[in-house]
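Okay, structure first, notes after.
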Amino acid sequence: MIASKSWAGRSFDWVNVLLLLGLALVTLYPFYNIVITSFNDPTDAARGGINFWPREFSIENYKMVFRDDNIIHAFGVTVARTLIGTATAVLFTGAFAYGVSKPELLGRRFFLMLAIVTMYFSGGIIPYYLVVAKYLHMKGHFLVYIIPNLFSVFNAILMLTFFRGLPKEMEESAKIDGANDLRIFFQLVLPVSKPVLATIALYNAVAHWNAWYDAMLFGNEDLQTLQQILMQIISSNSNVSIIASSLGFGSVTAQSLKLATMVITTLPIVFVYPFVQKYFVQGVMIGSVKG
């Protein structure tokens with residue numbers, strides 16, 4: 001029979017629960033306040049005092065957001081960048097990590113050292129810009145979002161450690177049946193590596209979705225991302241009211257449009273996270289403990 005907890009133990013549990021609830025409230029409330037304020041009438045929201053629910057419900061902010069062709073186009077660019085960039089980065093990083101996880105690979109230590117050096121030393125922004133724009137000629141091209149972000153040393157080390165923990169017998173039996181390294185990687189290794197793949201995919205997806213600096217450096221009007229549009233809204237408050245009036249949304253303010261855009265840019269990642277959460281913790285723990 002399991003003995004019940006003492007009074008001190010129960011008190012400790014209650015303190016932990018209350019502390020975690022307080023931290024959750026402090027963490028989630030700012031975003032909740034942004035959501036309810038974005039659904040409030042813009043003119044009324046300027047008065048402040050919106051704490052728990054919209055005082056005057058309105059969707060004018062979102063109507064203007066979805067009437068803006070630039071935002072719709074930027075949303076498409078951001079989605080394409082996130083999907084293509086995440087898939088290619090996971091595949092490229094995984095192929096590198098799987099290769100250097102094999103002790104028999106010629107030059108394995110050199111490739112690992114070359115990758116690790118980039119974690120501590122960087123040429124800086126100006127050399128990076130010159131390489132990408134002048135020598136690779138990718139400025140103004142969609143690939144500027146994909147190719148420079150194909151590889152991450154941290155992600156590679158995480159996947160390398162995971163691949164080292166896979167049973168060697170699985171690959172040996174496949175080689176006996178005549179499978180080559182590519183077939184083993186795609187048909188055996190990747191299917192059993194869902195936890196670490198989901199973890200790396202989430203890292204890359206969040207990075208691509210939130211990126212705006214490279215869009216500012218290398219993009220053009222056709223390659224604007226959603227976060228770049230948000231930065232422009234934040235920095236051009238004086239023009240928002242004029243644009244809103246021309247579109248028939250006279251009550252929309254710079255602040256209300258900013259909040260609505262923030263909600264739209266945040267929700268997709270929030271909705272994706274629960275589907276990969278079950279793999280996320282497992283992937284991080286396996287990749288960091290094994291090896």
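Remember, predicted model here, so these are calculated numbers, not experimental data.
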Exercise for review: Check whether Leu23 and Val15 end up in the same hydrophobic cluster, where Ile, Leu, Val, Met, Phe, Trp and Tyr are linked by side-chain heavy atoms less than 4.5 Å apart.
Suggested key: no
Check your understanding: With sequence neighbours left out, what residues match Lys102 under salt bridge (charged side-chain N to carboxylate O under 4.0 Å, His left out)?
Key -> Glu171
Practice item. Would you mind listing every side chain to side chain donor-acceptor pair (under 3.5 Å) that reaches into residues 75-84, with sequence neighbours excluded? Key: Arg81-His208, Arg81-Asp214
**Study point:** Trp209 (side chain) donor-acceptor with Leu226 (main chain) under 3.5 angstrom
**Key:** no
Check your understanding: Nearest 0.5 Å, what's the CE-OG distance between Met159 and Ser152?
Key -> 10.5 Å
Check your understanding: For Arg55, what residues pass the salt bridge (charged side-chain N to carboxylate O under 4.0 Å, His left out) criterion, not counting sequence neighbours?
Key -> Asp44
Revision key, fill the gap. In this structure, OG1 of Thr261 is separated from CD1 of Ile229 (nearest 0.5 Å) by 9.0 Å
Review point. Got a donor-acceptor contact below 3.5 angstrom from the Thr37 side chain to the Ile34 backbone?
Key: no
Review point. How about Ile125: does its CD1 atom have over 12 heavy atoms from other parts shown lying under 6.0 Å from it?
Key: no
Point to revise | Summary of side chain to side chain donor-acceptor pair (under 3.5 Å) pairs that have at least one residue in residues 127-137, sequence neighbours excluded | key: Tyr129-Lys139
Practice item. Could you tell me whether the side chain of Thr86 and the main chain of Leu83 form a donor-acceptor pair under 3.5 Å? Key: no
Practice item. Check whether more than 12 heavy atoms from other residues, nucleotides or ligands sit under 6.0 Å from atom CG of Leu25, and answer yes or no. Key: yes
Exercise for review: Give the C-alpha distance, both sets of side-chain angles, the deciding distance and a yes or no for side chain to side chain contact (heavy atoms under 4.5 Å, CB included) between Asn220 and Leu223.
Suggested key: CA-CA 5 Å; Asn220 52 34; Leu223 293 177; 3.5 Å; yes
Point to revise | Whether Thr266 side chain and Val263 backbone form a donor-acceptor pair below 3.5 Å | key: no
Review point. Would you find more than 12 non-hydrogen atoms of other residues, nucleotides or ligands less than 6.0 Å from Ile59 atom CD1?
Key: no
Point to revise | Same cluster (ILVMFWY, side-chain, under 4.5 Å), Leu19 and Trp14 | key: no
Revision key, fill the gap. Residue pairs meeting ring pair (Phe, Tyr, Trp, His ring centres under 6.0 Å), one or both in residues 28-52, sequence neighbours left out, come to Phe39-Phe57, Phe39-Tyr62
Point to revise | Summary of side chain to side chain donor-acceptor pair (under 3.5 Å) pairs that have at least one residue in residues 106-121, sequence neighbours excluded | key: none
